[in-house]
2 protein chains.
Amino acid sequence: MVFGHQKIESRRLLLREIAQRGPVPRIDLAEHTGISRATVTSVTADLLRGRLIEEVPRESRSDESARGRPRVDLKIAGDAHLIAGLKVSDRSISLVLMRFDGTHVADHECPIPTGRLTPIDLATHIRDGLRALAEKAGHDLSDISGVGVGLAGVVDADHGLVYWSPSLDQRNVPFGEVLSDTLGVAVYLDNDANLVAMAELTFGLGKSHSDFIVITIESGVGMGMVLGGQLYRGTRGCGAEFGHTKVHLDGALCRCGQRGCLEAYVADYALVREASSVGGMSLTTPTSQAVSTVLKAAKDGDPTARTVVERAGKMFAMGLANLVNIFDPELVILAGEQMQFDHLYADTVIEEMRKSIVEIDKPAPEVVVHKWGNLMWAQGAAAYALEFVQDTAVGALEDA
Amino acid sequence: MVFGHQKIESRRLLLREIAQRGPVPRIDLAEHTGISRATVTSVTADLLRGRLIEEVPRESRSDESARGRPRVDLKIAGDAHLIAGLKVSDRSISLVLMRFDGTHVADHECPIPTGRLTPIDLATHIRDGLRALAEKAGHDLSDISGVGVGLAGVVDADHGLVYWSPSLDQRNVPFGEVLSDTLGVAVYLDNDANLVAMAELTFGLGKSHSDFIVITIESGVGMGMVLGGQLYRGTRGCGAEFGHTKVHLDGALCRCGQRGCLEAYVADYALVREASSVGGMSLTTPTSQAVSTVLKAAKDGDPTARTVVERAGKMFAMGLANLVNIFDPELVILAGEQMQFDHLYADTVIEEMRKSIVEIDKPAPEVVVHKWGNLMWAQGAAAYALEFVQDTAVGALEDA
DNA sequence: CCAATTTAATTTGCTTTTCGAATTTAAGTT
DNA sequence: AACTTAAATTCGAAAAGCAAATTAAATTGG
């Protein structure tokens, strides 16, 4: 048939719908998908038989009539599969384990040597981390149905190919393959910039929005885009390089070697560099501490520090405004874990952005700040893997 | 059925495929779409019966064996429908008439009063223009199956609503409705920035690329995006405002009232303004002539003019690089009709852009310059309408 | 407490759509 | 003229989904 096996297609569609809407009765599924009630009954029967979903009694609500046959909610069967997600950063790996319904099972953090590793070494560290993670929950590595992996650098997610990553000592590594060989489990690789967007799409505001962008600030500035309910990756797989968007002609030097990058004004190292070179501040302390010093000085009214911090805010607002002007999203999510960057998330910055976007009668996009924890990335990786595991599970359903 | 009437869906799919690939034999259609040969035969039979496509003898090629039953090419039946496209600009309307297969029938240009018009007035001018256009080809307005209309401003294409346009004296006009009432023909409205992208998608490089951006320079700077083979409009329908992307904090004043917009450095009025305010050039002549003067002076080595023009180029390169960094497209198309902007399309500018994008192992996106004629916009509008006419025609096919 | 009512879910029979395999068609080749 | 090759068509069967009818599970009212 045209669209592959169609029955599989509607199974997939309904499974996704149930995953997204949480417990939901059949009649609502029919309503929202446009599939007839008869077919919903038959398809959900298949899913129930395969133990991918389960029926749960519905608690009565005041807003719906209590008469008639009561609705029966369907939800994803949490125990159907285990999914892991992890992100590799410079000195550690963060991991989470979740059930098929996205609920949290365990998390873990394990240190790795700093600097570049061989693919085999990194794969081994990941395997050890996953084993420890599984053990925490009384499981075995082989119980896991899929592992999502986020890696900094340039990654071709479709082919599991790593063009370049700060974590690896080689270029053009088929790391997806290496990893799944090492683990004996299906591995889904992606650029880490996309992970937070994925996490938002699956567990966050994606439930109610289909076009949004997510900005993350850590050491660098990252970005993920969701367009039409789908993660958009560029064509070369190198994610959206918002941090290296130019905000000043021949401006400040960026660690990427170019000039005028947004990152060169707002990243931690940029703040410290400026404050120490211009002001009398001698900052020989490590970066993270030095940043706090600069921010505190700015708050306390030190004029140099204040200028530096204010300019960072203005540049950030300008970069954001450019994004909004180009994409016209419904929503902009600023995600981060560190209080360090509060100055970029400040109302004044957002106000500044609003003033820089093209005005029309419709309201400007909503801006929300999400302070996620450290596991945000790993959870996004798991969300990414979850999609594949869902599809695989649907494909593996036997016919009656 | 799940996806609406499926037969209609496969008819639509095959018609699009034929439209895009030009004359193509059935077996290739089956190959490319994944539809079985049996079904291709039956569906194309329907399309043939409805006279939407026709069989043409295939010229023999050296690269395919001449044995066996020869392939029979299918192509869109040009005479099935007439489609018009038009764009409203400040002092005239440009129109084209094309056949169902996209071939040119006639074009026309008619002046309109400058300044804002009432919706009814503008609709009347459009009707008159269309009548003149149809007459040129020996047709009547009522022979036209669909009209695509491009309007500057903020347009909600899905609802035919014009939030604001420099051509209209009112806001929030349901202009699509007004027009189709006036014309008695189906009207499809869109923001003009999208039209060139549409034209490229349908008649230009869209045949071989699915992710690209199109930049247009006239008086302002416009942009259209094609992502995944589809035109991307923002969520508020206000097109991609590349021209009002900020390239300098608190920079030059733009006619939109904000500061530092790209347009404020590269648009015609910006060049003239700078050259006259700084240099000794007194430019009281009309803008288009003044621009030529500045450009000529720059070429002849006048230092002031040269600085102005060079900076425009650098700013443009920076804006382009930002786009590439964010989208990572396969291709960037610079489209324009006026030789005036050659300085922006120069190799040095493109080279400058290449130096400002994030480097990875894969090659940078291709950049091509398309010097289309004045009718580019109108043709894009027609291409937009063509899609709808195709779908309508498929939907109207009677069953055997 | 039982009949009527209401609403959700399921079953039944049928239609639509597509496909695979066999067949036909239209050429070239020997 | 008989054979080969490859495209297109035909034909019977299977898949998938739907509408309408039916069944199920609750509340409400007398």
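Per chain, numbering begins at 1; letters A, B, ... match sequence-line order.
Under 4.0 Å is where a charged nitrogen must lie from a carboxylate oxygen, and between B:D391 and B:R16 at least one such pair does. Ionic pairing of B:R71 and B:D28 is present here: one or more N-O contacts between side-chain nitrogen and carboxylate oxygen are shorter than 4.0 angstrom.
Nearest nucleotide to the A:R69 side chain, out of D:dA25, D:dC11, C:dA26: D:dA25. In this structure, of D:dA8, C:dT6, C:dT10, it is C:dT10 that holds the atom nearest to the side chain of A:T41. In the set C:dT6, D:dG17, D:dT4, D:dT4 carries the atom at the smallest distance from any side-chain atom of B:R67. Taking the side chain of B:S36 as heavy atoms from C-beta on, and the options C:dT18, C:dC19, D:dC18, the nearest nucleotide is C:dC19.
Between B:F388 and B:Y188, the ring-plane angle classifies as parallel under the 30° and 60° cut-offs.
Rounded to an integer number of Å, the gap from B:R26 CZ to D:dT9 C1' is 9 Å. For the pair B:L48 CG and D:dA8 P, the interatomic distance rounds to 12 Å; values are reported in whole Å. In this structure, CG of B:L47 is placed 13 Å from P of D:dT9, rounded to the nearest angstrom. One atom, CG of A:L13, and another, P of D:dG17, lie 10 Å apart when rounded to the nearest Å. Distance A:L397 CG to D:dA16 P: 13 Å, rounded to the nearest Å. In this structure, B:R37 atom CZ and D:dA7 atom P are separated by 6 Å, rounded to whole Å. What separates CG of B:D73 from C1' of D:dA8 is a distance of 14 Å, to the nearest Å. Between the C1' atom of D:dA15 and the CG atom of A:D46 lies a distance of 13 Å, rounded to the nearest Å.
For A:T39 and A:S42, the side-chain atoms include no donor-acceptor pair closer than 3.5 Å. Counted by atom type alone, A:E17 and A:H32 present zero donor-acceptor pairs between their side chains at under 3.5 Å.
Residue A:V40 is out of contact with every strand shown, counting any heavy-atom pair closer than 4.0 Å.
Distances shown here put a side-chain N or O of A:T39 below 4.0 Å from the OP1 or OP2 atom of D:dC18.
Nearer to the 5' terminus of DNA chain D, by closest-nucleotide assignment, is the contact made by B:R71 (compared with the other of B:R71 and A:S42). Along DNA chain C, the nucleotide closest to A:G68 and the one closest to A:D28 are compared, and the more 5′ of them pairs with A:G68.
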